[in-house]
Protein chains: 2
Amino acid sequence: MARYRVGIETRERILDATRQVLGDQGLESATLKAITDRAGVGAGSFYNLFESKEAAIWEVLAEAITAVDPDPDGHGSETVDDLVTAFVAFVTGETATLARIHLQLAGMALTAPDVAAPIARSHARRVDRFQAAMRRHDPELDQATAVAHAELLLGALTGLAIRNAMDPDFDLAAHAAALPRHPGDRASSPLAGRTGS
Amino acid sequence: MARYRVGIETRERILDATRQVLGDQGLESATLKAITDRAGVGAGSFYNLFESKEAAIWEVLAEAITAVDPDPDGHGSETVDDLVTAFVAFVTGETATLARIHLQLAGMALTAPDVAAPIARSHARRVDRFQAAMRRHDPELDQATAVAHAELLLGALTGLAIRNAMDPDFDLAAHAAALPRHPGDRASSPLAGRTGS
DNA sequence: ACAGACTTGGAGCGACCACTCAAAATCCGT
DNA sequence: ACGGATTTTGAGTGGTCGCTCCAAGTCTGT
């Protein structure tokens, strides 16, 4: 399937359309017609390139699960700040549509068992990455506390991302910058330095 | 509609069924058949009591939006700890099914505009309540910092609730107890005192 | 330029969707 | 215990769902 150039391009157009439909209208509205209309493609073309509607959706969901935690550029040297900045970029940059899908994953995980496992794995990986960065910053920090603060930060980042998605005027970068990076840090006011590091 | 006692009881059975379907299988699987089968009721009975499928679902969603923030028992004297404990009770107690629905709301808010506004309102009310409790604890605390920490705590609580819903062995109470209640508090290890206050 | 492989659109399929309706059963003030 | 109001059932409606199929069109190695 998809051996000629046109086929590969069509496949990408369909995945793009699936991303947009999932991001803008949600899983419930992601019908075959919605996807193929947006891709400008007939049903037959779709099924020439994908096993089923579920297959295309799953491919995009897997992308949304993975994309929030891209391969470790400086896996052993990244700081908590790097990780927070990367998340802000994920939500506000080119991957914004994927980010909107990412924010719907938690709800899906509760009701779709086969999507829950990879989400849990991805979450665990992310917690570990944050936790390691915290302990690099403060080698005295015990692991359990670092993990707890990592979960705290990730939960807070998700909350801010949701507000950002709902309110176009929300200044995600400023609020994210104000989060306490390490256990014992004080949350500061997001009104202060706008793009400060 | 629903003037006789049987009618009122049937209405409640249908709402119960809707809660269960939404909580267990999600909005996508909440078909009329799924709801009426679980309620043990014919389609005609349903439409004798509800305008539409959407009306029943909306009624339950409104309940899930509201129930997380019940009317202020001691509105002017509650502590952050009270609020955290209340949330743990909401997730693990009799309202567990409503809590599962509540956790799906964020995703819905992104794709269903009419559900977004009440969710945003409810969230703002909750942030305000947490923030007020923090400033009662430390009158020196400026509002912007208190609000930021309130958002942090709420995001973290939601994250923990999702983990709790996905993993039946997760000790939500212990993890919630370890969260930093006030700006500058250190997250502690959830392995320590299990049900300590 | 040919020919076999691939891609395309869209009519059509059975299944399921939300919803209607009228006749039968039940309720409850009198 | 009567009788009008309410409730209940389930077959039926039109519409949409995911998906199949195939004739026609396009691609690409030769």
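So you know, we letter chains A, B, ... as the sequences are listed, proteins then strands, and number each from 1. Remember, it's a predicted structure, so these values are computed and weren't measured experimentally. No hydrogens, no waters, no symmetry mates; every other heavy atom, side chains included, goes into these values.
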Between [atom2] on [N] and [atom1] on [X], what's the gap in Å once rounded to a whole number?
X       : N      : atom1 : atom2 : answer
B/Ile57 : C/dC17 : CD1   : C1'   : 13 Å
B/Glu54 : C/dA18 : CD    : P     : 9 Å
A/Glu12 : C/dT7  : CD    : P     : 15 Å
A/Leu32 : C/dG9  : CG    : P     : 13 Å
B/Asp37 : C/dC16 : CG    : P     : 13 Å
B/Ile8  : C/dC27 : CD1   : P     : 14 Å
B/Leu49 : C/dT20 : CG    : P     : 14 Å
B/Phe46 : C/dC21 : CZ    : C1'   : 17 Å

Legend entry - Spacing of CD1 belonging to A/Ile162 relative to CZ belonging to A/Phe170, to within rounding of 0.5 Å: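 So the gap between those two atoms works out to 11.0 Å.
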Legend entry - Distance in Å, A/Glu140 CD paired with A/Thr145 OG1, rounded so as to fall on 0.5 Å steps: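 The CD atom of A/Glu140 sits 12.5 Å away from the OG1 atom of A/Thr145.
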Legend entry - Under-4.0 Å side-chain N/O to phosphate OP1/OP2 contact, B/Tyr47 with C/dT20: no
Inset, instruction - Kindly say if A/Ser45 contacts the phosphate of C/dT7, meaning a side-chain N or O under 4.0 Å from OP1 or OP2. - result: no
Inset, instruction - Taking heavy atoms of chain B and a 4.0 Å limit, find me the 5'-most and 3'-most nucleotide of DNA chain D within that range. - result: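 Result: D/dG4 to D/dG10.
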Inset, instruction - Quick one: label A/Gly7 by what it contacts on the DNA or RNA (base, sugar-phosphate, nothing), any heavy atom closer than 4.0 Å. - result: sugar-phosphate
Legend entry - Nearest-nucleotide 5' precedence on DNA chain D, B/Val41 against A/Glu51: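 Here B/Val41 is the residue nearer the 5' end.
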Legend entry - Side-chain heavy atoms of A/His123 within contact of B/Met166, under 4.5 Å: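 No, too far: nothing below the 4.5 Å cut-off.
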Inset, instruction - Indicate yes or no: does A/Lys33 engage A/Asp37 in a salt bridge with an N to O separation below 4.0 Å. - result: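 A/Asp37 and A/Lys33: salt-bridged.
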Legend entry - Salt-bridge criterion met for A/Arg19 and A/Asp16 (N-O under 4.0 Å): yes
Inset, instruction - Let me know, please, whether B/Thr31 or B/Arg3 comes out on the 5' side of the other along DNA chain C by nearest nucleotide. - result: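 Result of the comparison: B/Thr31.
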Legend entry - Donor/acceptor link under 3.5 angstrom from A/Tyr4 side chain onto base of C/dA5: yes
Inset, instruction - Taking atom types as modelled, find out whether B/Asp82 and B/Thr79 have a side-chain donor-acceptor pair closer than 3.5 angstrom. - result: yes
Inset, instruction - State whether a side-chain donor-acceptor pair under 3.5 Å links B/Gln104 with B/Arg100. - result: no
